Amino acid sequence: MIYRFLDIFFMIFHTALIIFNLFGWVWRRTRILNLITLGLTGASWLLLGLITGTLGYCPLTDWHFIVLEKLGKTGLPSSYVKYLVDRLTGLDINSSLVDNFTLYSFLVALTLSIAINVNDRVRKKHNK
C-alpha cells in the first residue's frame with residue numbers, strides 16, 4: 001500500500017518538477033526558483049552523474065525506480081522521462097530520441113531562464 005502511494009507521489013512530484021523546469025521561467029514570480037531548480041537538475045545530472053558513473057543521474061528517478069521494483073516492475077529504462085512517456089502513451093519510444101529531446105529541452109529552458117532572469121535584473125537596475 002505504501003509503495004503504491006509513493007509511486008503516485010513520485011509520478012506527480014517528479015512530473016510537476018519537470019514541467020516547472022521547462023516552463024517556470026514564464027511567470028515573473030517563479031523565475032528565480034525556476035533558475036534554481038534548473039541549476040540543481042543540471043548539477044545532479046552532471047556532478048552526481050560523475051560521482052555515480054551515470055551522466056544524467058537523478059536521485060528522484062533512483063528513488064522512484066526503487067519503489068517500482070518493490071511493486072514488481074522490471075526492465076525499467078535508465079531515464080525517468082523515457083519511463084514517463086512510455087507509461088503515459090503505452091508505447092516504447094526510442095530511448096535515444098527521448099534522451100536527446102530531454103537534454104535539448106533542458107538546455108532551451110535553461111537558456112531562456114538565464115536570459116529572462118538577467119533581463120529582469122537589468123531592467124530592475126535600470127528602473128531604479
Side-chain angles (χ1 to χ4, degrees):
M1 175 102 167
I2 186 71
Y3 293 116
R4 185 69 188 125
F5 168 79
L6 288 171
D7 177 35
I8 293 167
F9 167 78
F10 279 117
M11 279 294 294
I12 293 168
F13 180 75
H14 203 176
T15 302
L17 178 60
I18 291 168
I19 292 167
F20 181 73
N21 272 349
L22 292 174
F23 302 107
W25 52 267
V26 171
W27 302 277
R28 185 175 308 277
R29 289 181 157 207
T30 61
R31 287 179 181 161
I32 295 294
L33 181 59
N34 173 253
L35 189 56
I36 291 168
T37 61
L38 284 165
L40 290 171
T41 300
S44 172
W45 287 1
L46 186 60
L47 300 177
L48 290 179
L50 290 172
I51 292 168
T52 63
T54 306
L55 285 179
Y57 176 79
C58 175
L60 291 175
T61 300
D62 209 9
W63 299 332
H64 191 183
F65 284 7
I66 289 169
V67 168
L68 291 171
E69 287 170 359
K70 295 285 187 185
L71 290 171
K73 306 277 188 209
T74 59
L76 295 168
S78 60
S79 158
Y80 177 76
V81 176
K82 161 89 169 119
Y83 168 75
L84 180 64
V85 169
D86 289 354
R87 183 170 174 173
L88 293 176
T89 65
L91 303 173
D92 182 16
I93 306 297
N94 179 282
S95 60
S96 293
L97 178 68
V98 173
D99 290 347
N100 286 330
F101 182 79
T102 300
L103 175 61
Y104 295 135
S105 297
F106 170 80
L107 292 173
V108 167
L110 180 62
T111 301
L112 288 168
S113 186
I114 290 170
I116 290 171
N117 274 287
V118 166
N119 186 48
D120 286 350
R121 292 276 185 210
V122 168
R123 264 203 310 208
K124 187 175 183 180
K125 191 174 184 180
H126 180 70
N127 289 337
K128 281 188 174 182

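Note that the structure is a prediction, hence the values are computed from the model and not measured.
We find the CG-OG1 distance between Leu17 and Thr41 to be 5.0 Å, quoted to the nearest 0.5 Å. In this structure, CH2 in Trp25 is found 12.0 Å from CG in Asp120, a value given to the nearest 0.5 Å. Remark: Leu55 CG to Leu47 CG distance equals 10.0 Å, nearest 0.5 Å. Between the CZ atom in Phe9 and the CD1 atom in Ile2 there is a gap of 11.0 Å [rounded to 0.5 Å]. Distance check, rounded to the nearest 0.5 Å: CZ of Arg28 to CG of Asn117 gives 10.0 Å. To the nearest 0.5 Å, the span separating CD1 on Ile116 from CD1 on Ile32 amounts to 11.5 Å.
Between the side chain of Asn100 and the backbone N or O of Ser96 there is at least one donor-acceptor pair closer than 3.5 Å. Remark: side-chain polar atoms of Arg31 are not paired, donor with acceptor, to backbone N or O of Gly24 under 3.5 angstrom. Between the side chain of Ser44 and the main chain of Leu40, no donor-acceptor pair closer than 3.5 Å is present.
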Derivation of the side chain to side chain contact (heavy atoms under 4.5 Å, CB included) call for Asn34 and Phe20: CA-CA 7 Å; Asn34 173 253; Phe20 181 73; 3.9 Å; yes
Side chain to side chain contact (heavy atoms under 4.5 Å, CB included) evaluation trace for Val67 with Lys70: CA-CA 5 Å; Val67 168; Lys70 295 285 187 185; 5.6 Å; no
Leu84 and His64: CA distance, side-chain angles, deciding distance, side chain to side chain contact (heavy atoms under 4.5 Å, CB included) verdict: CA-CA 11 Å; Leu84 180 64; His64 191 183; over 6 Å; no
Residues Leu68, Thr74; criterion side chain to side chain contact (heavy atoms under 4.5 Å, CB included); working and verdict: CA-CA 8 Å; Leu68 291 171; Thr74 59; over 6 Å; no
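Considering Leu60, Ile18, Asp62, Val98 as possible partners of Tyr80, the one that fulfils the side-chain contact (heavy atoms from CB on, under 4.5 Å) test is Ile18.
A pairwise comparison of heavy atoms in Ser113 and Leu38 identifies CB-CD1, 3.6 Å as the closest pair. When all heavy atoms of Leu97 and Asn94 are compared, the closest pair comes out as N-OD1, 2.9 Å. Summarising the geometry of Leu22 relative to Phe106, their closest heavy-atom pair is CD2-N, 4.4 Å, with the distance given to 0.1 Å. In terms of heavy-atom proximity, Met11 sits nearest to Thr15 at O-OG1, 2.6 Å.
You'll find the side chain of Thr54 stays beyond 4.5 Å of the side chain of Ser78, heavy atoms only.
Taking the six-membered ring for Trp and thresholds of 30 and 60 degrees, Phe65 and Tyr83 have ring planes more than 60 degrees apart, a perpendicular arrangement.
Put simply, Ile8 and Leu88 are part of two different groups of oily side chains (I, L, V, M, F, W, Y) that touch within less than 4.5 Å, one to the next. Connection of Ile66 to Val81 is not established within any shared hydrophobic cluster, with ILVMFWY side chains joined at heavy-atom distances below 4.5 Å, either directly or through further cluster members. Under the 4.5 Å side-chain heavy-atom criterion for grouping Ile, Leu, Val, Met, Phe, Trp and Tyr, Ile19 is connected to Val26 within one hydrophobic cluster. The cluster map of Ile, Leu, Val, Met, Phe, Trp and Tyr, joined by side-chain heavy atoms under 4.5 Å apart, puts Val108 and Trp27 in the same cluster. Leu46 and Leu35 are assigned to two separate hydrophobic clusters, defined by single-linkage of ILVMFWY side chains at heavy-atom distances under 4.5 Å.
Counting heavy-atom neighbours within 6.0 Å of Arg121 CZ, excluding the residue itself, gives a total of 12 or less. For Phe101, the CZ atom sits in a loose shell: 12 or fewer heavy atoms of surrounding residues, nucleotides or ligands are nearer than 6.0 Å.
Ion pair Asp86/Lys82 flagged as a salt bridge, since at least one NZ, NE, NH1 or NH2 atom sits closer than 4.0 Å to an Asp/Glu carboxylate oxygen.
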